[in-house]
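Structure first, commentary second.
These figures come from a predicted structure and were not determined experimentally.
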2 protein chains.
Amino acid sequence: MSNGSRAGGTLMKKQERQRYIRELLKANNIDKQEDFVILLKKEGITVTQATISRDIKEMQLIKVPATDGTYSYNLPVQKQLNTEKKLTKTLKDAFISTDVQNEMCLIKVTPGSGPAIVSLIEQMNYSFVFGTLGGDGSALIICHSNKDALKLSRIINEIVIE
Amino acid sequence: MSNGSRAGGTLMKKQERQRYIRELLKANNIDKQEDFVILLKKEGITVTQATISRDIKEMQLIKVPATDGTYSYNLPVQKQLNTEKKLTKTLKDAFISTDVQNEMCLIKVTPGSGPAIVSLIEQMNYSFVFGTLGGDGSALIICHSNKDALKLSRIINEIVIE
DNA sequence: AGTGAATAAAAATTCAAG
DNA sequence: CTTGAATTTTTATTCACT
């Protein structure tokens, strides 16, 4: 708990902000980074455009020219395809089991694979995922609801058997 | 032949440039619009960044943040998905037959549907398509080679029966 | 580590003009 | 309608700080 790289430190703020960004993307038509700054302020999160630029880079969001002549930031379908492949491969390799309790889905994997799984699931930008926690031999995925957690569990199991 | 909106006028230049842009995308890792300006100059096409910006908007290219921390312009997979759906629908509705001669593929369709088909095929950004010509009841697709034309013909027919 | 303020760099648009 | 030059706007990065 003494340095910044641990969960629960200032790090959490970024993760939470990026979660909001993901939500905002779906609801609004955002055509510039300042819009994120403004919308986040309404949620009580104060950041500058510089931070948003970094978030966008990290989340690999893309600015898409729409048919109607406007621009809008979007989730990266492109990237998604690659990520899904990696997730599939990693899961097939390391998967042991899933467990669901309330809104949480615990994915048990072979030792050492937890962080990789968590990272990939983060990258998938599943709308129903609220947060993640990576252990050594497990990945705890916190969803919005029990229904969502079951959904994720189903998805994971389908990936493994596919 | 008196105004700028007709094929064969100055319009052709834009179309050709955008064709080059599509090619450049695949070959190079382009992270800024100036790169297009420079690469196009090597092809003998002189334009400014302003024009590239407009092309990018029109072609709906996206700037993708890569995993390695760089950016690169890409073809829009996202858009592609929608376009493919429209193409499928339109073809199923209007398709009559395909004919291949040399590097050309002639798609015969019901009267009035030619331009729509051409527009959709343009939007598909098929790498093997060199140019298009839309008639009333037909779409002439010029590919790079006879093999490519046959490939397109196969694709079109597969779409129709799918 | 993550961030903001300032700045540099890149991209979009405006304003002629062909 | 298409473009370039100039400009504005937006976005990325640098630098300092924590």
Q. Are the side chains of B:K63 and B:I56 in touch, meaning some heavy atoms are under 4.5 Å apart?
A. no
Q.
I want to check something: taking the side chain as every heavy atom from C-beta on, are B:Y71 and A:K57 in contact at a cut-off of under 4.5 Å?
A. yes
Find the distance [X]:[atom1] to [N]:[atom2] and express it as a whole number of Å.
X     : N      : atom1 : atom2 : answer
B:Y71 : D:dT11 : OH    : C1'   : 8 Å
A:D31 : C:dA12 : CG    : P     : 11 Å
A:Q15 : C:dA1  : CD    : P     : 16 Å
A:K32 : D:dT9  : NZ    : P     : 10 Å
B:E34 : C:dA12 : CD    : C1'   : 13 Å
B:E58 : C:dT13 : CD    : C1'   : 15 Å
A:E16 : C:dT3  : CD    : P     : 12 Å
A:I52 : D:dT11 : CD1   : C1'   : 12 Å

Contact class for [X] vs. all strands (heavy atom < 4.0 Å): base, sugar-phosphate, or nothing?
X     : result
A:F36 : nothing
A:T51 : sugar-phosphate
A:T46 : sugar-phosphate

Q) Is atom NZ of A:K92 surrounded by more than 12 heavy atoms (other residues, nucleotides or ligands) closer than 6.0 Å? A) yes
So which nucleotide from [options] ends up closest to the side chain of [X]?
X     : options               : value
A:A50 : D:dT13, D:dA5, D:dT3  : D:dT13
A:Q49 : D:dT11, D:dT3, C:dA11 : D:dT11
A:V47 : C:dG4, D:dA12, C:dA12 : C:dG4
A:Y73 : D:dT11, C:dT3, D:dG4  : D:dT11
A:K57 : C:dT3, D:dT3, D:dT13  : D:dT13

Q. Going by modelled atom types, is there a donor-acceptor pair between the base of C:dG4 and the side chain of A:R54 at under 3.5 Å?
A. yes
Is any side-chain nitrogen or oxygen of [X] closer than 4.0 Å to OP1 or OP2 of [N]?
X     : N      : answer
A:R17 : C:dT3  : yes
A:K14 : C:dT3  : no
A:S53 : D:dT11 : no

Q. Is any side-chain N of the basic residue among B:E43 and B:R19 closer than 4.0 Å to the acidic one's carboxylate O?
A. no
Q | Aromatic ring proximity B:F128/B:H144, centre distance under 6.0 Å | A | no
